[in-house]
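Inspection log for the structure reproduced underneath, given as C-alpha cells.
First the proteins, then the strands, lettered A, B, ... as listed; each starts at 1.
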Protein chains: 2
Amino acid sequence: MAAENRSASSKQKRRRLDPEDREREIIDGAVAFFAEVGFDGGLRDLAKRLGITHQNLFRYFPTKEVLIDRVYEEVYLGRWQVEWEVLLADRTIALEQRLMQFYRSYLQAIFRYDWVRIFVFAGLKGVGITQRYLELVQARVVEPLARELRAATGLPDTSEVPLLPEETELAWGLHGELFYLAVRRWVYEMKVPDDLDMVVRVAVVKFLSGAPSAMRLLHEGTLRTPAPQPGRRARPVRRNPR
Amino acid sequence: MAAENRSASSKQKRRRLDPEDREREIIDGAVAFFAEVGFDGGLRDLAKRLGITHQNLFRYFPTKEVLIDRVYEEVYLGRWQVEWEVLLADRTIALEQRLMQFYRSYLQAIFRYDWVRIFVFAGLKGVGITQRYLELVQARVVEPLARELRAATGLPDTSEVPLLPEETELAWGLHGELFYLAVRRWVYEMKVPDDLDMVVRVAVVKFLSGAPSAMRLLHEGTLRTPAPQPGRRARPVRRNPR
DNA sequence: TGTACTAATGACCGCACGGTAACTAAGATG
DNA sequence: CATCTTAGTTACCGTGCGGTCATTAGTACA
C-alpha cells in the first residue's frame, strides 16, 4: 500500500534510507506480501511493491529463507501477550468474564488478514514454529480452560485425574470455533458478523452452558462414575455472579 | 504410493496403459501430490511419482490449470452426499441423533490428509469453488441447524423472524470446531484423540446443551423479548427422548 | 508376421526464479 | 568543494518451470 505510489509514478530518484528504516519497510512489506500470495511469491514482486530492486533485498537478508524467518518472528512471537495467561488464571474474576475478555483481546490480535493467512500458509508448509505456537496455545489456554471446567463442574482436580484427550479436545472447541471464524473471514472471504464482541459473548455463553454436560458425559463413559442426576442432565455453570 | 516402486527400480520398460486407466492414475496421483506440496508443485515432480515423464501429463490435460480443476472436482463435488441434507431435516429423529450421525459420516468423508489440505490450499489461492462449497455448507447444514435450534428453544420460526447473522454464526460453531480439529490434525500435525466418534458425541452434547442459552441471550439483546425465566438461565434441550 | 495406430518419450524453448558481482550515486565529513 | 562510505542499482548466471514438437515403441488386427 505505502509503496504503491512509488512504483506507480514510474521515474523517481532512488531513496537512500537509514538501514533500520529500510529493514522495517522490507519486513512490513514482506508480511503483507507473503500473507497475500504465500511463501512461493517471488522476491522481484515483493521488491516491486516496496519500490526497490530485488537485489537490494539481499543487502538486508542474505537469503529468502532468512527473510521468511523474520516474518514468522514478527507475526507470531511478536503478538503473543503474557497477560493473557495471567488473566485466564485469575480466579477472582468469573470464568465467563475471563473468557470473554481473553477472546476479545485475542481476536483483536489475530483477527487480521496478515496473521491468519501467514499462520495457515506456514502450517501447510510444515514450518515448526506453527506447531510450537499451537502447543503454546494448548498449554497456556486450552488445558487451563479444561482444568477450570473440572472445577466448575465439580469433578476431581487434574492432580487426581489427569486430563483426558477428549477433555482437552472439548476445550479446544471454543478456541477452534473462533479461529475457524477467522479462517472463514480471511482465507475463504466469507461474510461474517460485524460485531465480533457479540460473537465472542455468544460463543462463551454457549460453551459454558454446554461444557459441563459434556464433561460429565465424558467422565461417566471413562471413569464409570455414577451419574449425579438422573438422565445425566447437567446443571449449568453460574454466570454473572453479581 | 502405488507409483513408488516404479520410480525406485530405475530402468523399467514403458507401461502402455488404456487412457482411462492412465487418467485415473494421474488424477489420484495429482490429488495426493498437490495435497502434500500445494498447487505450486511442479509437474515434473508429479510425473516422477507416477513413474511417467512430465510430457505425458500433457497428453491427458492440456494445461496444469485443467489438471488442478479436475482435482477440485474430484475432491469436492465427488464427496458431498445429498443424504446428509435429508438426514439433517428428518424430524422423526432427535436432533442430537441427527447431528451425531451427520458429523460422524461427514468426518468420515473429510477427515483425510488429501481433503483437508487441498481445501485449505485452494482457499488460500482464492479459488472460487471453495467459497461455493462453504456457501453450500452454510445453506444445507449450518442454517438448517440454526432453524432447528429456534424450534428446540421455543423461539419464533424463521418465517416470522429471519436468522440473525449471529445465530448463523452460533451454528457455525459446531461445524467450525470439528473442522478445526481436522486442520489441527492434517495441517498442523498435532496429536488429536483417536476416537473421533467420542469427540463428535461430546461436541454435539456440549453444543445442544449450550446453544439454547446463547440463542435466548441473542434474542434478548436484539428483539427485546422479556426473559422467560429470571437470570436468563436456559432449559437444556431434550436429549435421548426414548 | 507385417502394419497401422497411438501411448509414451527425448530434446528443446522462453521465461522467471534465487542469488552474485561490478558499478553508481546520495549524503555526511574535512 | 573534494572525498569517502555505503545504500541502491544494472547486468548477469545457473536452474527449473510450464508447455511444444518430432520421434520411439507397445499392441491390436490384417
Distance flag, aromatic centroids of Trp80(B) and Tyr76(B), threshold under 6.0 Å: no

4.5 Å side-chain heavy-atom contact, Ile110(A) and Phe179(A): yes

Straight-line distance of Asp114(B) CG to Trp186(B) CH2, nearest 0.5 Å: 9.0 Å

Touch class at under 4.0 angstrom, heavy-atom based, for Arg44(B) against every strand present: base

Length of the CG-C1' vector between Asn56(A) and dA25(C), whole Å: 13 Å

Value in whole Å for how far the P atom of dC12(C) lies from NE2 of His54(B): 14 Å

Proximal nucleotide (of dT20(D), dA8(C), dA11(D)) relative to the Gln55(A) side chain: dA11(D)

In a table with atom names and distances, give each donor-acceptor pair under 3.5 Å that connects a side chain of residues 122-136 of chain B to protein atoms at least two apart or in another chain.
{"unit_1": "Thr130(B)", "atom_1": "OG1", "unit_2": "Val127(B)", "atom_2": "O", "d": "2.8"}
{"unit_1": "Gln131(B)", "atom_1": "NE2", "unit_2": "Tyr188(A)", "atom_2": "O", "d": "3.3"}
{"unit_1": "Tyr133(B)", "atom_1": "OH", "unit_2": "Tyr106(B)", "atom_2": "OH", "d": "3.0"}

Whole-Å distance separating the CG atom of Leu46(A) from the P atom of dG18(C): 10 Å

N/O (side chain, Arg22(B)) to phosphate O (OP1/OP2, dA7(C)) under 4.0 Å: no

Leu43(A) CG to dA16(C) P, straight-line distance once rounded to whole Å: 15 Å

Closest nucleotide among dA11(D), dT5(D), dT9(C) to the Arg16(A) side chain: dT5(D)

Mutual orientation of the aromatic rings belonging to His175(A) and Tyr180(B) [parallel < 30°, tilted 30-60°, perpendicular > 60°]: tilted

Aromatic centroids of Phe34(B) and Phe39(B) separated by under 6.0 Å: yes

Nearest-Å distance for atom pair CD1/C1', residues Ile52(A) and dA7(D): 10 Å

Whole-Å distance separating the CG atom of Leu17(A) from the C1' atom of dG27(C): 13 Å

Parallel, tilted or perpendicular: rings of Phe119(A) and Trp115(A) (30°, 60°): parallel

Gap between atoms CG and C1', on Asp40(B) and dG18(C) respectively (whole Å): 15 Å

Asp21(A) CG to dG27(C) P, straight-line distance once rounded to whole Å: 13 Å

Residues from residues 57-67 of chain B lying under 4.0 Å of DNA chain D - heavy atoms: Phe58(B), Thr63(B), Lys64(B)

